[in-house]
S.K.: 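Pasting a structure here, questions to come.
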There are 2 protein chains.
Amino acid sequence: MADPLEPEQLATYFALMESVSLLHHAVEQQVRAAGGLSYVQFQLLARLADTPERRLTMTELADGVVYSRSGLTHQAGLLEKAGLVTRGPSPDDQRATLVTITEDGLARVAAILPGHVEVVRDLLFAPLSDKDLPALGDIMTRVRDHMRAQPPRSVTTRRRRG
Amino acid sequence: MADPLEPEQLATYFALMESVSLLHHAVEQQVRAAGGLSYVQFQLLARLADTPERRLTMTELADGVVYSRSGLTHQAGLLEKAGLVTRGPSPDDQRATLVTITEDGLARVAAILPGHVEVVRDLLFAPLSDKDLPALGDIMTRVRDHMRAQPPRSVTTRRRRG
DNA sequence: TATTGTTATACTCTATAACTATA
DNA sequence: TATAGTTATAGAGTATAACAATA
């Protein structure tokens, strides 16, 4: 289990991390320039906009975007202060908070999206062939699902070598 | 140019970003638990360790890891204070600072690496087939090289639609 | 003039722990 | 007891602008 990665694995890992770092940096700038939001805030809004009901509980909203409850509370507070979402109690579960995207929030997403798509296309998809797209999509979907299924693997839970 | 991404592109983009976000979070925790470093600090050390001379100028060191000079100065200062690197003038260019990894720095990298590799293998490579690895490596290498070749694309430089 | 790097500063993000309230 | 969320707080990361020194 302590075997080193093969050189090809290592190179692939590094290429993946650096590519996404560069892409993240680029879209972060675009989102901030076009909409005055951080990428995390944009992701949260985009997620809400993509929901039929246009609302999610805090826990649902956090999933995959933010890794601490307090962090999400903070970001949701900023979005609410900016008038892009509202927060209210859930009828189903009195403990839960329903976050709903406002018209302004939808407009903000719409204002950011075209430029965002342009950056992603120019940086990520431009160098890919027609064959690469489904291959990458298939691989990354599988990887994501695998990671989601993993136990949180928090440091405290982590077993050191079996 | 303002055409939306095709659904397959969008799904691929999201899967890529979420996967790497999860992976980044996991390795960040591993690096901090095993070596008391942030991922950026580990990347800087690993980069130095991978160099024949075991030293690079600040500018060379920054490349692809950090996006502001002051940020690198800050991180290099932390690494120096921890005794993991030393900084000194370059004989070739009096303006440049040569950053050299110390024995302690090399030992720190060595202490982190096995667990790091384990996390990467378990999270990223476990769900990949023998065919997927070269495919992903090829694609991400191409994407990275393409992004590196791009003009910085800073917001101020960015042209809006040709 | 352009480049390398540092400093000072300010801001954002994130995480931890303690807490309230509901299931 | 466990879960949903908030608050307060502290720490780390990052970026901007002004600066000094060398090419």
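If you're wondering where the values come from, they're calculated on a predicted model, not measured in any experiment. Order of the sequence lines fixes the chain letters, A, B, ..., with proteins taken first and strands second; residue numbering starts at 1 for each chain.
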S.K.: Mind calculating the distance between CG (B:L61) and P (C:dT4) to the nearest angstrom?
M.R.: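 Going from B:L61 (CG) to C:dT4 (P), I get 14 Å.
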
S.K.: Name the residue from A:E28, A:R32, A:R108 that meets the side chain to side chain contact (heavy atoms under 4.5 Å, CB included) definition with A:L37.
M.R.: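 Answer to the side chain to side chain contact (heavy atoms under 4.5 Å, CB included) test with A:L37 among A:E28, A:R32, A:R108: A:R108.
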
S.K.: Go through D:dT14, C:dT6, C:dT22 for me and flag the one nearest to the A:Q94 side chain.
M.R.: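 Closest nucleotide to the A:Q94 side chain: C:dT22.
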
S.K.: Rounded to whole angstroms, how far apart are CZ on A:R69 and C1' on D:dT3?
M.R.: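 Those two atoms, CZ and C1', are 7 Å apart.
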
S.K.: What nucleotide among C:dT16, C:dT4, D:dG13 has an atom nearest to a side-chain atom of B:Q41?
M.R.: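 Side chain of B:Q41 sits closest to D:dG13.
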
S.K.: Mind calculating the distance between CD (B:Q75) and C1' (C:dT7) to the nearest angstrom?
M.R.: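 So the two atoms are 16 Å apart, to the nearest Å.
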
S.K.: Quick one: A:L37 CG to C:dT12 P, roughly how many Å, whole number?
M.R.: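 About 13 Å, once rounded to whole Å.
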
S.K.: Expressed in angstrom and rounded to an integer, what is the separation of A:K81 atom NZ from C:dT12 atom C1'?
M.R.: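 So the two atoms are 13 Å apart, to the nearest Å.
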
S.K.: Atom CE of B:M58 to atom P of D:dA20: distance rounded to whole Å?
M.R.: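 Result: 19 Å.
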
S.K.: Would you kindly give the CG-to-P distance between A:D93 and C:dT20, to the nearest whole Å?
M.R.: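 Rounded to whole Å, this separation is 20 Å.
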
S.K.: Rounding to 10°, can you tell me the angle the first-five-pair axis of the helix from C:dT1-D:dA23 to C:dA23-D:dT1 makes with its last-five-pair axis?
M.R.: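 Result, rounded to 10 degrees: 10°.
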
S.K.: If each of A:E60 and A:H25 is mapped to the nucleotide of DNA chain D with the nearest heavy atom, which maps nearer the 5' terminus, i.e. the 5' end?
M.R.: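 Result: A:E60.
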
S.K.: For C:dT4, does the base pair up with any side-chain atom of B:T57 as donor and acceptor (N or O, under 3.5 Å, distance only)?
M.R.: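 Result: no qualifying N/O pair found.
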
S.K.: Determine whether a donor-acceptor pair (one donor, one acceptor, N or O, separation below 3.5 Å) exists between the side chain of A:T73 and the base of D:dT7.
M.R.: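 Flag unset: no donor-acceptor pair detected.
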
S.K.: Is there a donor-acceptor pair closer than 3.5 Å between any side-chain N or O of A:E80 and the backbone N or O of A:R87?
M.R.: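 Yes; at least one donor-acceptor contact below 3.5 Å.
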
S.K.: Between C1' on C:dC11 and NE2 on B:H74, what's the gap in Å once rounded to a whole number?
M.R.: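 Going from NE2 in B:H74 over to C1' in C:dC11 covers 14 Å.
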
S.K.: Classify the side chain of A:S70 and the base of C:dA15 as holding, or not holding, a donor-acceptor pair under 3.5 Å.
M.R.: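 Answer yes: a donor N or O sits under 3.5 Å from an acceptor.
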
S.K.: Among C:dT3, C:dT6, C:dT14, find the nucleotide with the atom closest to the side chain of B:T97.
M.R.: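 Nearest listed nucleotide: C:dT6.
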
